[in-house]
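Notes to accompany the following structure.
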Amino acid sequence: MFDLKIDAGKISAIKEYISQGENFVVLAHVNPDGDAIGSSTALAYYLRTMNKKVNVIVPNAFPAFLQWLPAANEVKTYDDNKEQCDALLAAADVIFCLDFNSFSRIGAMGEAVASTAAKRVLIDHHLAPDDCFDVQISETVACSTAELVYRVVEALGPSRAIDSTFAEAIYTGMMTDTGNFAYASNRKDIYLIIANLMQTGIDKDIIYRRVFYNYSVNRMKLLGFVMYDKLKVFSSSNAALITLTYKEMRRFCAAKGDTEGLVNMPLQIKGVRFSCMLREEVPGKINVSLRSVDDFPCNKVAAEFFGGGGHLNASGGEVYGTMEYAVERFKAALAKYKEQLTQ
Ligand code: 5GP
Ligand code: MN
């Protein structure tokens with residue numbers, strides 16, 4: 001596997017934007033995960049060491065297990081502060097777009113970002129970016145956007161930003177997007193970055209525990225219920241499905257983040273190569289999470305059946321309608337992809 005290098009011309013362009021700009025906004029996607037929050041707070045930290053005014057904005061709230069991250073309390077949520085965020089976006093000289101590549105992934109904020117006069121810089125690792133960025137760092141081979149932020153900051157030149165605060169945020173993004181380096185993490189240069197991060201004095205074991213050993217009792221009970229009652233394995237298609245209705249989530253008082261990671265678990269079953277979770281977030285709106293192993297393209301399934309997209313092995317989408325209808329869509333996807341799943 002080759003080592004990842006960021007194009008020098010793009011780095012020069014970003015350098016120029018940083019030296020010319022005064023007000024910066026860093027954005028990440030809806031339902032922010034560890035990579036979204038880790039990469040955006042790390043980049044904001046770097047820009048602040050360059051004496052820039054920086055705001056981090058995400059469309060909606062992020063899970064409690066990320067709230068320990070340095071500067072996570074400064075992250076603004078668009079849903080709760082629309083007017084203030086619109087003003088910050090309008091006043092921005094440069095907007096960094098992290099861990100998403102299409103305005104459709106930032107909800108209602110998309111309009112404000114599309115109409116701004118600011119320069120827009122993309123740093124992302126998803127497939128097929130929209131053509132709406134002035135500088136586009138789009139590297140699907142990267143394990144995470146956090147990896148790319150590290151590389152960009154390193155390439156921008158000597159910086160006092162690469163300290164333990166920065167390293168904790170970058171490591172969190174890399175760790176969460178790879179399931180603690182269990183997938184999408186076979187490139188050796190990932191571990192060279194980690195060695196550099198460790199040199200700042202971070203404790204990766206503590207970071208692991210802060211993120212993954214931070215669940216509520218409710219989440220554990222929800223997990224037990226899901227695995228016992230809600231998991232269906234389709235052995236002849238090497239696939240598994242979990243459904244969770246709005247009512248069931250209320251029963252377990254499921255909070256933001258409590259369903260995180262559940263969709264990965266059926267992949268631990270021998271033979272299962274494709275896992276789907278259908279979660280009724282609000283009545284009538286089903287959130288779809290898809291995971292796969294090897295080369296099964298769950299992003300194709302997400303695009304074809306659930307109006308979404310994502311990575312080869314981790315993607316998502318939405319269904320507007322009943323749970324029964326969403327399950328039908330899943331079964332239709334299995335019928336279409338059965339051959340690929342069983343070959
Ligand atoms: P999750 O299942 O954790 O919500 O999402 C997994 C991954 O799928 C995300 O990191 C993101 O890359 C992708 N994803 C989720 N929902 C969508 C969607 O509606 N559209 C696109 N393009 N990607 C999505
Ligand atoms: Mn990511």
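Positions are given from 1, in the same order as the sequence printed here. Note that ligands are numbered from 1 as they come in the structure, with each ligand's atoms numbered from 1 the same way.
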- Item | Spacing of R251 atom CZ and E248 atom CD [to the nearest 0.5 Å] | 7.5 Å
When the side chains of residues 79-86 are checked against the rest of the protein, which donor-acceptor pairs come out under 3.5 Å, sequence neighbours left out?
from, atom 1, to, atom 2, distance (Å)
D80, OD2, T77, OG1, 2.5
N81, ND2, T77, O, 3.1
K82, NZ, D86, OD2, 3.0
D86, OD1, Y78, OH, 2.6
D86, OD2, Y78, OH, 3.3

- Message: Is it the case that the ring center of F24 lies less than 6.0 angstrom away from the ring center of Y17?
- Response: no
- Message: I'd like to know if R151 and E147 make a salt bridge, using a cut-off of under 4.0 Å between side-chain N and carboxylate O.
- Response: yes
- Query: How are the rings of F133 and F103 set relative to one another: parallel (under 30°), tilted (30 to 60°) or perpendicular (over 60°)?
  - Reply: perpendicular
- With a 4.0 angstrom cut-off on heavy atoms, strictly below it, pick out the residues next to ligand 1 and order them by chain and number. R105, H126, S289, R291, G308, G309, G310, H311, A314, S315, G316, G317
- Message: For a quick test of reading the model, state the closest non-hydrogen atom pair linking D189 to L4 and the distance between them.
- Response: OD2-N, 3.0 Å
- Query: Do you know the tightest heavy-atom contact between T342 and R273?
  - Reply: N-NH1, 4.4 Å
- Note on the structure: Counting only protein N, O or S atoms and ignoring waters, those under 2.8 Å from the Mn ion (ligand 2) are D35 OD2, D99 OD1, H125 NE2, D177 OD2
- Message: Against the six-membered ring of Y246, is R250 placed for a cation-pi contact (under 6.0 Å from the centre, within 45° of the normal)?
- Response: yes
- Any pair counted as side chain to side chain donor-acceptor pair (under 3.5 Å), so long as it reaches residues 88-109, sequence neighbours left out: H29-D99, D99-H125, D99-T145, N101-D124, S102-S104, S102-D130
